[in-house]
Protein chains: 2
Amino acid sequence: MKLGSGVEWSIHCLALLGALPPGRSLRLEKLAEFHNLKVAYLRKHFQALSKAGLVATVTGPQGGYRLGRSSDKISLLDIYIALEGDDHCFRCTEIRQDGPCANPALDKPSYSIPCNIAVSMWKAEDAWRKELAKVSIADVLGATAKQVSSEKMERMAQWLTEALA
Amino acid sequence: MKLGSGVEWSIHCLALLGALPPGRSLRLEKLAEFHNLKVAYLRKHFQALSKAGLVATVTGPQGGYRLGRSSDKISLLDIYIALEGDDHCFRCTEIRQDGPCANPALDKPSYSIPCNIAVSMWKAEDAWRKELAKVSIADVLGATAKQVSSEKMERMAQWLTEALA
DNA sequence: GGCAAATTACTCGGATAGGACATGTCCGAGTTCGGCAGG
DNA sequence: CCTGCCGAACTCGGACATGTCCTATCCGAGTAATTTGCC
């Protein structure tokens with residue numbers, strides 16, 4: 001169970017977008033430059049983010065991306081779902097209903113109850129999702145602000161100013 | 001983030017092994033037959049389970065697999081780790097240390113603190129793992145016994161007797 | 001000088017190759033059981 | 001009849017193809033700013 005690199009990239013990029021002055025947008029090229037990421041590949045991920053409404057696009061010159069809604073309304077779970085889908089990571093194929101001992105017709109009452117193995121797996125997955133849902137881009141920004149030196153904050157502000165120019 | 005089919009297969013198979021009479025083992029072919037699974041592919045998964053010590057092998061005629069330790073000492077997490085490795089599903093590549101605004105030398109104090117994004121992701125993963133660690137093969141067996149009809153339990157016992165003969 | 005339309009330049013979106021991992025399959029190494037010969 | 005040895009059969013383990021999804025890239029569609037010509 002591995003998460004694609006798009007999740008990490010997107011969280012960082014959305015955090016940067018969250019730090020933008022209200023109403024402003026940032027080009028993808030600049031977004032990639034800030035984190036030294038592959039532009040073309042990052043673009044692909046932003047297609048998904050755009051479809052999910054997490055980012056809004058501004059087309060044409062001076063265009064770019066901005067957050068689709070306020071940073072405290074975008075959770076890490078939202079980002080994950082936008083990029084990797086909302087399917088369960090554990091897929092129950094109901095193999096209990098197969099094999100020489102199973103009889104779907106006869107055992108139907110039992111099979112109307114979900115497979116207890118799947119239930120346990122899904123319960124764990126729910127715990128995971130709940131944790132992710134707790135954390136928003138605003139939270140990420142707040143935490144980052146606390147742990148980053150004021151010098152770097154200054155450098156970032158400077159860079160942003162030039163990028164938006 | 002998708003789990004391989006081996007996880008589902010293995011849990012079901014280990015549950016079956018847990019239902020074996022003490023000291024007995026079951027051939028892989030029979031294990032696959034019980035759930036109507038591809039024998040050759042299931043074999044591959046059992047190699048991993050064997051390496052992790054979750055199952056013990058009995059070679060030669062009348063050989064097969066049995067649980068490596070008591071069913072209440074084998075958790076779903078153990079199975080997952082054995083099959084898919086114990087790496088974090090979220091991989092932090094420390095992209096915060098890259099880019100025009102980052103200065104690894106100058107910002108070293110900040111970078112000694114883990115990236116807060118990674119922390120949030122890992123926290124969620126820990127919640128997931130904790131849930132999986134709670135559930136053992138013995139628990140699965142207990143839950144199954146509760147929800148399966150006595151007729152099917154009888155059929156299974158019958159089949160097992162023949163398979164062990 | 002002001003205004004409007006065509007042009008230009010710039011941005012994102014989707015279609016398109018390449019590579020890594022999960023999936024699926026097969027044959028060889030090792031061990032136990034059964035048979036057989038000898039005592 | 002018992003014992004020891006030998007052969008054969010059976011089991012798992014690892015090496016080998018295949019498919020699918022993530023990774024990576026490029027070119028076209030659409031839009032806003034700019035320029036230019038006209039009033």
Side-chain angles (χ1 to χ4, degrees), chain A residues 1-10 13 17 23-33 36-68 80 82-85 87 89-91 93 95 163-165, chain B residues 1-10 13 17 23-33 36-68 80 82-85 87 89-91 93 95 163-165:
Chain A
M1 180 162 93
K2 299 287 187 304
L3 276 70
S5 59
V7 176
E8 182 187 13
W9 294 16
S10 297
C13 288
L17 290 183
R24 300 302 303 269
S25 60
L26 193 60
R27 285 190 299 139
L28 188 75
E29 187 189 324
K30 284 292 172 187
L31 232 67
E33 177 189 324
N36 197 25
L37 303 174
K38 311 250 182 185
V39 182
Y41 190 28
L42 183 63
R43 185 179 301 281
K44 186 170 187 70
H45 292 314
F46 263 75
Q47 288 179 25
L49 296 174
S50 178
K51 279 193 175 178
L54 299 187
V55 296
T57 65
V58 181
T59 59
Q62 298 301 317
Y65 289 103
R66 58 178 174 79
L67 290 186
Y80 164 75
L83 292 171
E84 312 227 340
D87 296 333
C89 66
F90 178 82
R91 287 159 290 183
T93 57
I95 60 182
L164 288 171
Chain B
M1 181 162 95
K2 301 285 189 306
L3 277 70
S5 59
V7 176
E8 182 187 12
W9 293 15
S10 297
C13 288
L17 290 184
R24 298 304 302 269
S25 61
L26 193 61
R27 286 189 301 137
L28 188 76
E29 186 189 324
K30 284 294 171 186
L31 262 149
E33 177 189 324
N36 196 26
L37 304 173
K38 311 247 182 186
V39 182
Y41 191 27
L42 184 64
R43 185 179 300 280
K44 188 174 187 66
H45 293 313
F46 263 76
Q47 289 179 23
L49 296 174
S50 178
K51 280 192 175 179
L54 299 186
V55 295
T57 63
V58 180
T59 59
Q62 297 302 316
Y65 288 101
R66 58 179 174 79
L67 291 186
Y80 163 76
L83 292 172
E84 313 226 339
D87 295 333
C89 65
F90 177 83
R91 286 159 291 183
T93 57
I95 60 181
L164 288 172

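Note on naming: letters A, B, ... go to the chains in the order of the sequence lines (proteins, then strands), and numbering restarts at 1 for each one. Keep in mind it's a predicted model, so treat the numbers as computed, not measured. Below, all heavy atoms of this structure are taken into account, side chains as well, without hydrogens, waters or symmetry copies.
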What is the nucleic acid contact for [X], judged by heavy atoms within less than 4.0 Å: base, sugar-phosphate only, or nothing?
{"X": "Arg27(B)", "result": "sugar-phosphate"}
{"X": "Lys2(A)", "result": "nothing"}
{"X": "Lys51(A)", "result": "sugar-phosphate"}

Within-4.5 Å side-chain heavy-atom neighbours: [X] and [Y]:
{"X": "Leu83(B)", "Y": "Ser10(B)", "answer": "yes"}
{"X": "Ile95(A)", "Y": "Asn36(B)", "answer": "no"}
{"X": "Leu37(A)", "Y": "Cys13(A)", "answer": "yes"}

What is the distance from [atom1] of [X] to [atom2] of [N], rounded to the nearest Å?
{"X": "Arg43(A)", "N": "dT11(C)", "atom1": "CZ", "atom2": "P", "value": "9 Å"}
{"X": "Leu31(B)", "N": "dT11(D)", "atom1": "CG", "atom2": "P", "value": "13 Å"}
{"X": "Lys30(A)", "N": "dC12(C)", "atom1": "NZ", "atom2": "C1'", "value": "17 Å"}
{"X": "Glu8(A)", "N": "dT23(D)", "atom1": "CD", "atom2": "P", "value": "11 Å"}
{"X": "Leu42(B)", "N": "dT11(D)", "atom1": "CG", "atom2": "C1'", "value": "14 Å"}
{"X": "His45(A)", "N": "dC12(C)", "atom1": "NE2", "atom2": "C1'", "value": "16 Å"}
{"X": "Tyr65(A)", "N": "dC10(C)", "atom1": "OH", "atom2": "P", "value": "18 Å"}
{"X": "Glu29(B)", "N": "dG13(D)", "atom1": "CD", "atom2": "P", "value": "16 Å"}

Per nearest nucleotide of DNA chain C, the residue lying toward the 5' end, Trp9(B) or Thr59(A), is Thr59(A)
Of Gln62(A) and Lys44(A), the one whose nearest nucleotide on DNA chain C sits closer to the 5' end is Gln62(A)
For the residue pair Phe46(B) and Tyr65(B), categorise the inter-ring angle as parallel (less than 30°), tilted (30 to 60°) or perpendicular (more than 60°).
-> tilted
Within the structure, does a side-chain N or O atom of Tyr41(B) lie under 4.0 Å from either OP1 or OP2 of dA17(D)? no
- prompt: OP1 or OP2 of dC12(C) sitting under 4.0 Å from any side-chain N/O of Ser50(A)?
  reply: no
Exactly one candidate in Gln62(B), Lys30(B), Arg24(B) meets side-chain contact (heavy atoms from CB on, under 4.5 Å) with Leu164(B); the answer is Arg24(B)
Checking contacts here: which listed nucleotide ([options]) is nearest the side-chain heavy atoms of [X]?
{"X": "Thr57(A)", "options": "dC12(C), dA9(C), dC12(D)", "value": "dC12(C)"}
{"X": "Gln47(A)", "options": "dG14(C), dG13(D), dC12(C)", "value": "dG14(C)"}
{"X": "Lys38(B)", "options": "dT25(D), dT25(C), dT23(D)", "value": "dT25(C)"}

Comparing nearest nucleotides in DNA chain D, the 5'-proximal residue of the pair Arg91(B), Pro61(B) is Pro61(B)
